[in-house]
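Written out below as C-alpha cells is the structure these notes cover.
Remember, it's a predicted structure, so these values are computed and weren't measured experimentally. So that the names make sense, note that chain A is the first sequence line, chain B the second, and so on, each numbered from 1.
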Protein chains: 2
Amino acid sequence: MPERPTRDRILDEAVDLFGFRGVEAVSLDEIARAVGVRKQSVLYWFPSKEALVAAVLDTVADELVVVITAAIRASDDDPLVRIDAVIRAVFGPAVRRPALLGLVRELGRLDRELVERLRSRIAPLVEACVAYLELEMERGRLRRADPRLVAALAYATVTGIATEPEALETVGWSRDLAGLRRLRDELRGFLRAALAP
Amino acid sequence: MPERPTRDRILDEAVDLFGFRGVEAVSLDEIARAVGVRKQSVLYWFPSKEALVAAVLDTVADELVVVITAAIRASDDDPLVRIDAVIRAVFGPAVRRPALLGLVRELGRLDRELVERLRSRIAPLVEACVAYLELEMERGRLRRADPRLVAALAYATVTGIATEPEALETVGWSRDLAGLRRLRDELRGFLRAALAP
DNA sequence: CAGGTTCTCTACCAAGTGGTAGACGGACGC
DNA sequence: GCGTCCGTCTACCACTTGGTAGAGAACCTG
C-alpha cells in the first residue's frame, strides 16, 4: 500500500503539535516519533526546525485563503448574509481542526520574518473585506463605522473563541463542538445587530 | 536602600516572560538573569518551575479578582453602564500590562491542576456576572439571550483583543495602546447595541 | 563573641535540545 | 551485472534544561 508521503505526514503532525502545545515546547524528536520515524528524517525533509515552522504556516495560510476567498465570493447580495458567510467560513477550519487556528497563538512568539510572510498572504483578504464593508456602508446598506475597526474586532473575537477554548472552559463554557457552534451563532447575531443600518 | 524582595522581583519578571514568550519557552536561568541573580536563587524561592508558574497564576488571579469585583460593584444602576464598566475593568490590566492576560494563552498548555486552581478563583466572578445578566434580562432591561453565552462571547472577544495584538497586526491593525483602546470602545458599542432591550 | 537562620553562591548532574557526518539498503536506468 | 540516487538510519556533537548538594557570606539573637 502506498503510504502517504513522509513529508506530508510530518507536516500534519507538526500542525497539531505546534498548534496545541506551542512551537518551542515541541521537539523535532517528538514530531518524528508521532510520525513513526527518526528525528533525522524530519531534518532531511526540513533542513531546520525553523523551516518546518515556515512550512506549517504556509499550510495554514493556504487553508485560510481558500476558505475565505470562497466565502467572500458568495453569491448572495445582502451584505449581512455575506458577512455571515465569512464568519462561518473562518470558523470552519477552526472547528474541524482546532490546532490550525491554535497556531495563531504562536504568532507573537515567532520570528518576525515568518510572521511577516504569513501576513503578506492574508493581507489581501483583509483588504478585500475592509473595502467591501466600506462600499456597503457608503451605499447605506450597513451602519456607518470604521470598517477596519469592525474587521479587527470580528477577527479578534473569532480567534478569541477558536484559539482559546481552554480559556472559555475557565469561565465555565463548554469547548466541545456544539458549544463552539452556539458561540459562533451568537457572534453572528451580534454582528447583524450591530451592523444593520 | 532596601531593594524590593528578591521573591517579588522574580515573580514580576516571570509574569512578563511567561506571558510574552510562553512558559515552556522561558528557562529559569533566563528569569534569574533578568532579575540579576543566579538560577539557584530562583529555585530557592520556588522549589520547582511548576511552583513558580503556580505562583504567577495566583498573581494574575489576584489582580483580576480585585479589578473585576470593583467594577461589578459600580454604583450606577443602568445595566448597560455597568457592563461597560466591567469591560473597561478587564481591559485595564491587559492594556497596562499585556503579559498579564497574555498568560491566558498558556492555559491550554499547563497542568490541568494549575488551570483548575485558577479557574476556581475566577468562577465566582463569572457566575456573578451571569446571574446579574439574567436578572436584568428578566426585568426587561436587557435583550433576552442566554446570559452564559453572552458572557463567554464577551470574554472571548476581550481575550482575543488583549492577548493577540500580534494577530491583530496580521490583519493590519495597530497593536499600540491607542489602537487597543479604540478596539475596546468599539466592542463596548457593539455590546450596547446587541444587548439593549 | 558563639550559634543558628536566611539567602545566594559555585559545582555538578542526567536528560534532552537542534543539528552534522556519514553509513546502509533498496529502487532505478543502463 | 553496476553505479546512482533517494530516504532513512546510527552515531555523535555542543549546548541548554530543570534540579541537587553543599559551601559560605551576612544577618540576627543570646
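Residue B:R9 contributes atom CZ, which lies 12 Å from atom C1' of C:dT8 at whole-angstrom precision. Distance CZ (B:R33) to P (D:dG18): 11 Å, rounded to an integer number of Å. Rounded to whole angstrom, the span from the CZ atom of B:R38 across to the C1' atom of D:dG24 amounts to 15 Å. The CZ atom of A:F46 sits 14 Å away from the C1' atom of D:dG7 (whole-angstrom rounding). Between B:D29 atom CG and C:dT10 atom P the separation is 12 Å, expressed in whole Å. Look at NZ on B:K39: it is 8 Å from P on D:dT17, rounded to the nearest Å. One interatomic measurement links the two molecules: CD of B:E24 to P of C:dG18, which rounds to 11 Å at whole-angstrom precision. Rounded to whole angstrom, the span from the CD atom of B:Q40 across to the C1' atom of D:dA21 amounts to 11 Å.
Within the 4.0 angstrom heavy-atom criterion, only backbone atoms of the sugar-phosphate kind lie near A:L28; the bases stay farther away. Note on A:V35: nothing from the nucleic acid sits closer than 4.0 angstrom, heavy atoms only.
Nearest heavy atom pair, residue A:M137 against residue A:R143, reads CG-O, 3.4 Å.
Among B:V23, B:L114, B:L110, the one residue that satisfies the side chain to side chain contact (heavy atoms under 4.5 Å, CB included) test with B:E50 is B:L114.
A sub-4.0 Å separation between OP1 or OP2 of D:dG7 and a side-chain N or O of A:S41 is absent. Residue A:Y44 places at least one side-chain N or O under 4.0 Å from the OP1 or OP2 atom of D:dG7. Phosphate contact (OP1/OP2 of C:dT6, side-chain N/O of B:W45, threshold under 4.0 Å): absent. A close approach under 4.0 Å does not occur between any side-chain nitrogen or oxygen of A:T6 and OP1 or OP2 of D:dG7. OP1 or OP2 of D:dG18 has not a single side-chain nitrogen or oxygen of B:S48 nearer than 4.0 Å.
Using a 3.5 Å distance cut-off with no hydrogens or angles, the side chains of A:Y44 and A:Q40 do not pair a donor with an acceptor.
For the pair A:K39 (side chain) and A:S27 (backbone), a donor-acceptor distance under 3.5 Å is absent. Counting only distance, with no hydrogens or angles, the side chain of B:R21 and the backbone of B:V26 share no donor-acceptor pair below 3.5 Å.
Between A:A25 and A:P47, the one whose closest nucleotide on DNA chain C sits nearer the 5' end is A:A25.
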